[in-house]
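Below: the structure, in structure tokens.
Note that the structure is a prediction, hence the values are computed from the model and not measured.
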Amino acid sequence: MAKNLNKLLKTLSKNWPVPIKEITIIAHSMGGLVTRSTLHYAKKQNQNWAKSLKKVVFLGTPHHGSPIEKIGNYLDLVLATVPYAKPFAKLGKIRSAGVTDLRYGNIIDKDWKNKNRFELKSDDRQTIQLPKEIEFYAIAGVLSNKLNNLLGDSLVDLKSALGKHKNPDKDLNFLKENTLILFENNHLDLLSNPQITDKLKVWLS
């Protein structure tokens, strides 16, 4: 998916009727992982469109995975050990590669190629930091009216959406002024919250 987006952005920038001065990407949920992956490969290929990318805003992006997929992975293994439940374990393996990538937030080929994506394992993905020449912003939702990392926005926990990780090498180090936490907001609320619109006007002006 990321490589296809890379090709589309390359074609779009090449055929744009006037010189491109600046590109901004606003990505929701898994779209943020696709954006990071696309940017990674575009940088390696020295793509011109990536040189014009100045700002990226992530809305509820599971930078370090989603607890929903992690729970699903454990459930697969449990069901597989119960004779009468094995058919349900097989149903669980219908999950797409995109969904299983959400376990830890995989963004490059090495994270999944030649690997059993349903295998229970620790976070062994490659560390890909955000390019320093681009401004990055992260918006996270929390279901409750107070900070609650476990609940998050119902799909993505708070630390994952803010790129925080206990391993400092994997922490994405968003600037504090480039983050926003919205209380009493679920994952889809982030698509239509007027507070986000107001914040985007400030960040992108």
For L191, the rest of its hydrophobic cluster, which grows through side-chain links under 4.5 angstrom: L188
Test side chain to side chain contact (heavy atoms under 4.5 Å, CB included) applied to L5 and V34, step by step: CA-CA 8 Å; L5 179 58; V34 174; 3.9 Å; yes
Residue pairs, two or more places apart or on separate chains, that pass salt bridge (Lys or Arg N to Asp or Glu O under 4.0 Å) and touch residues 42-65: K43-E133
Within one Ile-Leu-Val-Met-Phe-Trp-Tyr cluster: I25 and L172, side-chain cutoff 4.5 Å: yes
Point-to-point distance, once rounded to the nearest 0.5 Å, from NZ of K3 to CD of Q45: 8.0 Å
Ring centroid separation H165 to H63 under 6.0 Å: no
Inter-residue atom distance L53.CG - N48.CG, 0.5 Å rounding: 13.0 Å
Acceptor/donor pairs from residues 196-205 side chains to any protein atom, 3.5 angstrom cut, sequence neighbours excluded:
| from | atom 1 | to | atom 2 | distance (Å) |
| --- | --- | --- | --- | --- |
| W203 | NE1 | E177 | O | 3.3 |
| S205 | OG | K201 | O | 3.3 |
| S205 | OG | V202 | O | 3.0 |

side-chain hydrogen bond (donor to acceptor under 3.5 Å, both in side chains) against Q195, all qualifying residues, sequence neighbours excluded: none
Sub-4.5 Å side-chain heavy-atom contact between L130 and R36: yes
Heavy-atom check, side chain of H187 versus side chain of S29, under 4.5 Å: yes
hydrophobic_cluster_shared for V156 and L190, side chain cutoff 4.5 Å: no
Student check: side-chain heavy atoms of P62 and L33 closer than 4.5 Å: yes
For T35 against A27, the heavy-atom pair lying closest together: OG1-CB, 3.6 Å
4.5 Å side-chain heavy-atom contact, F174 and F136: yes
L158-I139 co-clustered via ILVMFWY side chain contacts under 4.5 Å: no
Side-chain heavy atoms of I181 within contact of L162, under 4.5 Å: yes
Listed partners of W49 passing ring-ring contact (aromatic ring centres under 6.0 Å, His included), at least two apart: none
Backbone N/O of G65 and side chain of S160: donor-acceptor pair under 3.5 Å: yes
Backbone N/O of D171 and side chain of Q129: donor-acceptor pair under 3.5 Å: yes
Sub-4.5 Å side-chain heavy-atom contact between D153 and L143: no
I26 vs L59 side-chain heavy atoms within contact, under 4.5 Å: yes
ILVMFWY network linking L180 to F58, side-chain heavy atoms under 4.5 angstrom: no
Approximate separation, where rounding is to 0.5 Å, of S52 OG and K21 NZ: 12.0 Å
Enumerate, atom names and distances included, each donor-acceptor pair closer than 3.5 Å involving a side-chain atom of residues 11-19, sequence neighbours excluded.
| from | atom 1 | to | atom 2 | distance (Å) |
| --- | --- | --- | --- | --- |
| T11 | OG1 | K7 | O | 3.0 |
| S13 | OG | L9 | O | 3.0 |
| S13 | OG | K10 | O | 3.0 |
| N15 | ND2 | T11 | O | 2.7 |

Validation row: D189, L182 side chains within 4.5 angstrom (heavy atoms): no
Nearest heavy-atom neighbours spanning A50 and A42: CB-CB, 3.9 Å
Co-membership, hydrophobic cluster, residues L8 and M30, 4.5 Å side-chain: no
